Amino acid sequence: MVKTLTGESIDRAVEYLKAGELVAFPTETVYGLGADATSPEAVAKIFELKGRPSDHPLIVHVASAAAARLWVREFGEHAEKLAKAFWPGPLTMVLAKNGRVASEAVGGKTTIAIRVPNHPLALQLLESFGGGIAGPSANMFGKVSPTSAAHVAADLGDSLGYVLDGGKCKVGVESTIIDLTGAPTLLRPGGVSVEAMNKVLGLEVVDGTAGESRAPGMMKSHYAPNAKIRIVALEELQAEDFEMPDNAGVVAPVVVEGAVSWTMPQDAEGYARGLYAVLREADYKKLDTLFIVPPSEGDIIEAVLDRLTKAAAPRVK
Ligand code: TXA
Ligand code: MG
């Protein structure tokens, strides 16, 4: 039985945050599991509830670029440009932190990952709370991120104070993370494309997704449903000699016979919006195998392909 309180009351959510309790909140990307970013005790509850290793730093959410400046040593020219172009929005910037954030929230690092989410309820919550909300995605560690309040309640049961219900997430994959402590470096592809950032910055963002500098917690297996994922081309599924295994599902641009079939748009934006809900449905249906045909175009295709690759990666137990 899920006893979690779910609703749209900002006042109630603020009360919980001020009391050091956890509040799940909507953003345009995925739902976050929020705590007062200045409180070591509140932040510790996030790691405990998610089963997340304590050295994986959290993103701090704030209401505006002006508020972001209060948490960092320097908000430089690159940060200014990116904030102006993409905030509120699905872009997280890694900057040198000052003393405001609880060091537990940033995994003991000297940097802070910060963003202004583009969701009316999240912005109202941040303004009323008046501080920063540390928040990872509101799912169990390594699993699929939630894109609705129902997903959060299903994952985290009755162990959190309040779920602020803001409907379905409009982007559907997590924010892009860019490290601005040196040459602008991409740590995680997401809801803002590298091309769009290159244009705004007038330079080429360095790809840091594979090297040593990649974001901690960006492991190979992540965003993983229980079913075994196989990334395929549609032609493979439609080939004469293709044998559909028992208890399989297919995610493709058209209906595929002989399996539980989800149809998805070809463009990455539409695809991203529906992807995590489909991965969860595959789990509810207890499918053994899920064949996934990736999207073929769109600005955020890198982010979708990244999540699919991680969902398909061998599981680390
Ligand atoms: O869209 C999103 O970003 C969502 C919503 C809720 O805002 N949040 C999210 O949080 O995806 P999470 O915790 O699931 O992923 C945050 C990523 C982790 O890979 C973490 O290692 C990285 O951000 N990160 C956080 N602080 C960092 C830092 N100081 N330096 C480098 N990476 C950092
Ligand atoms: Mg996550």
Side-chain angles (χ1 to χ4, degrees), residues 22-35 37 43 46-47 49-62 71-73 86-97 101-119 121-123 125-126 132-147 151-152 155-156 163-164 166 169-182 185-192 208-209 211-224 272 276 300 303 306-307 310-311:
L22 304 184
V23 167
F25 62 102
T27 81
E28 78 281 34
T29 58
V30 301
Y31 273 69
L33 178 61
V43 165
I46 291 181
F47 289 94
L49 182 52
K50 275 196 67 135
R52 176 170 170 133
S54 61
D55 60 348
H56 287 185
L58 307 174
I59 292 173
V60 175
H61 301 77
V62 291
W71 299 79
V72 302
R73 290 228 309 267
F86 302 113
W87 278 357
L91 179 66
T92 297
M93 301 186 209
V94 174
L95 296 161
K97 75 171 186 71
V101 71
S103 92
E104 290 76 3
V106 297
K109 290 172 78 72
T110 56
T111 53
I112 183 172
I114 198 156
R115 88 173 183 106
V116 180
N118 186 17
H119 189 292
L121 277 191
L123 290 170
L125 176 68
L126 287 162
I133 301 179
S137 50
N139 51 279
M140 294 305 284
F141 180 65
K143 292 294 179 182
V144 180
S145 299
T147 50
H151 292 165
V152 178
D155 270 17
L156 301 179
V163 183
L164 190 61
C169 299
K170 292 215 163 66
V171 175
V173 291
E174 296 79 359
S175 62
T176 300
I177 305 180
I178 187 166
D179 185 343
L180 297 178
T181 57
T185 302
L186 178 75
L187 300 184
R188 176 175 76 181
V192 170
T209 56
E212 286 299 306
S213 60
R214 73 189 201 275
M218 294 296 285
M219 301 103 73
K220 285 206 171 104
S221 168
H222 208 149
Y223 314 105
Y276 288 162
I300 64 166
D306 171 75
R307 304 310 187 267
K310 294 203 167 74

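Atoms within each ligand, like the ligands themselves, are counted from 1 in listed order. Fair warning: this is a prediction, and the values are worked out from it, not measured in the lab.
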Quiz item: Is it true that Glu174 and Arg115 make a salt bridge, defined as a side-chain N closer than 4.0 Å to a carboxylate O?
Solution: no
Quiz item: Taking atom 2 (C) of ligand 1 as the point of reference, which of Ser175, Ala122, Gly190 owns the nearest heavy atom?
Solution: Ser175
Considering only heavy atoms from C-beta outward, does the side chain of [X] approach that of [Y] to under 4.5 Å?
{"X": "Lys50", "Y": "Ser137", "result": "yes"}
{"X": "Leu49", "Y": "Leu33", "result": "yes"}
{"X": "Ile178", "Y": "Leu91", "result": "yes"}
{"X": "Leu58", "Y": "Val43", "result": "yes"}

Could you say whether the N/O atoms of [X] and ligand 1 ever approach to under 3.5 Å?
{"X": "His56", "answer": "no"}
{"X": "Thr92", "answer": "no"}
{"X": "Arg188", "answer": "yes"}
{"X": "Arg52", "answer": "yes"}
{"X": "Thr29", "answer": "yes"}

Heavy-atom contacts under 4.0 Å between [X] and ligand 1: side chain, backbone, both, or neither?
{"X": "Val106", "value": "neither"}
{"X": "Thr111", "value": "both"}
{"X": "Lys97", "value": "neither"}
{"X": "Glu174", "value": "both"}

Practice problem: Determine whether the side chains of Arg188 and Ser175 contain a donor N or O and an acceptor N or O closer than 3.5 Å. | Solution: yes
Exercise. Please state whether the separation between the Mg ion (ligand 2) and some N/O/S atom of Ser145 is under 2.8 Å?
Key: no
Quiz item: Between His119 and Phe25, does the ring centroid distance fall short of 6.0 Å?
Solution: no
Quiz item: Would Phe141 and His56 count as a close aromatic pair, with their ring centres under 6.0 Å?
Solution: yes
Self-check item: Close approach, Ile177 and ligand 1, non-hydrogen under 4.0 angstrom
Solution: yes
Quiz prompt | Contact with ligand 1 for His61, non-hydrogen, under 4.0 angstrom | solution = yes
